[in-house]
Amino acid sequence: MREKKPQTKRVPQIADKRDFFNDVYEIVRLIPVGRVSTYGAIANYLSLKSGARMVGWALSSSQSAHSDVPAQRVINRNGQLSGRLHFATPTLMQELLEKEGIIIKDNTVQNFSELFWDPVKELL
DNA sequence: CGTGTGACCGGCG
DNA sequence: ACGCCGGCCACAC
């Protein structure tokens with residue numbers, strides 16, 4: 001018998017790529033102006049345990065295609081604008097956020113803990 | 001088909 | 001407090 005298959009239960013977290021992208025975009029669009037969320041929080045809301053990277057992956061694809069997604073409101077757990085280099089210009093992300101009233105210093109959102117918008121709690 | 005990399009996160013020394 | 005490492009999953013080469 002050829003039982004070489006590991007048969008690990010490693011079920012693909014992303015069955016349909018397009019659906020996953022849509023889910024991410026939908027949540028990001030729900031982030032209120034003047035608030036921010038994180039990759040991990042969104043991944044958690046989508047039941048992607050440690051799939052924060054997948055969220056970033058989805059957003060990078062959205063950047064050019066879906067300009068109606070406020071990707072600037074999604075940052076990392078430290079409140080840093082880790083995705084700024086993926087925008088049209090390195091300063092665009094910060095400029096967009098500042099336009100929404102968010103204060104940024106050294107690529108880090110000030111008052112992050114108060115501005116943090118967690119879909120798991122807010123969309124409960 | 002193996003290896004490396006990524007808009008990350010949590011744990012541990 | 002800080003740095004390092006492993007895990008996570010999909011994709012490019």
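In what follows, chains are A, B, ... by sequence order, proteins preceding strands, each numbered from 1.
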**Student:** B:dC8 phosphate, OP1 or OP2: any side-chain N/O from A:Thr38 under 4.0 angstrom?
**Tutor:**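 Indeed not, no polar side-chain atom of A:Thr38 lies that close.
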**Student:** Rounded to the nearest Å, what distance is computed from the CG atom of residue A:Asn107 to the P atom of nucleotide B:dC8?
**Tutor:**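 One finds 13 Å between P of B:dC8 and CG of A:Asn107, rounded.
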**Student:** Let me know which of A:Val109, A:Asn76, A:Asp106 forms a side-chain contact (heavy atoms from CB on, under 4.5 Å) with A:Leu81.
**Tutor:** A:Val109
**Student:** Considering only heavy atoms, which members of residues 85-105 of chain A lie under 4.0 Å from some atom of DNA chain B?
**Tutor:** A:His86, A:Phe87
**Student:** In this structure, how many angstroms lie between the C1' atom of B:dC8 and the CD1 atom of A:Ile42, rounded?
**Tutor:**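 After rounding, the reported distance stands at 12 Å.
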**Student:** Quick one: A:Asp118 CG to B:dC9 C1', roughly how many Å, whole number?
**Tutor:** 14 Å
**Student:** Among the candidates C:dA10, B:dC9, B:dA7, find the nucleotide nearest to the side-chain atoms of A:Asn76.
**Tutor:** B:dC9
**Student:** Specify the residue among A:Arg77 and A:Gln72 whose closest nucleotide of DNA chain B lies further upstream toward the 5′ end.
**Tutor:** A:Gln72
**Student:** Of all the nucleotides listed (C:dA10, B:dA7, C:dG7), which has the minimum atom distance to the side chain of A:Ser82?
**Tutor:** B:dA7
**Student:** Expressed in angstrom and rounded to an integer, what is the separation of A:Met54 atom CE from C:dC8 atom C1'?
**Tutor:**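 Result: 7 Å.
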**Student:** Taking CG from A:Leu46 and C1' from C:dC8, how many angstroms apart are they, rounded to a whole number?
**Tutor:**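 Interatomic distance, CG of A:Leu46 to C1' of C:dC8: 15 Å.
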**Student:** In whole angstrom, give the distance that lies between atom CZ of A:Phe116 and atom C1' of B:dC8.
**Tutor:** 13 Å
**Student:** Identify whether the distance between the nearest side-chain nitrogen and carboxylate oxygen of A:Arg35 and A:Glu122 falls below 4.0 Å.
**Tutor:** yes
**Student:** Consider only side-chain N and O atoms of A:Gln72 and A:Glu100, and report whether a donor and an acceptor are under 3.5 Å apart.
**Tutor:**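 A:Glu100 and A:Gln72 do have a side-chain donor-acceptor pair below 3.5 Å.
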**Student:** Which is it for A:Leu30 and A:Leu123 under the side-chain contact (heavy atoms from CB on, under 4.5 Å) test, yes or no, and what are the steps along the way?
**Tutor:** CA-CA 9 Å; A:Leu30 291 177; A:Leu123 297 181; 4.0 Å; yes
**Student:** Whole Å only: how far is the CG atom of A:Leu81 from the C1' atom of B:dA7?
**Tutor:** 10 Å
**Student:** Using the P atom as the reference point in each nucleotide, state the distance between C:dC5 and B:dG4 in Å, no decimals.
**Tutor:**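 So the two P atoms sit 16 Å from each other.
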**Student:** Parallel, tilted or perpendicular: which describes the rings of A:Tyr25 and A:Phe21, with under 30° parallel and over 60° perpendicular?
**Tutor:**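 Judged by the thresholds at 30° and 60°, the geometry between A:Tyr25 and A:Phe21 is perpendicular.
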**Student:** In whole Å, what is the span from the CG atom of A:Asn44 to the C1' atom of C:dC8?
**Tutor:** 14 Å
**Student:** Between C:dC2 and B:dA7, how far is it from one P atom to the other, in whole Å?
**Tutor:** 25 Å
**Student:** Among A:Arg84, A:Gln80, A:Met93, whose side-chain contact (heavy atoms from CB on, under 4.5 Å) with A:Ile75 holds?
**Tutor:** A:Met93
**Student:** Quick check: are there more than 12 heavy atoms from other residues, nucleotides or ligands sitting under 6.0 Å from CG of A:Leu92?
**Tutor:**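 Counting neighbours around CG of A:Leu92, more than 12 heavy atoms of other residues, nucleotides or ligands fall under 6.0 Å, so yes.
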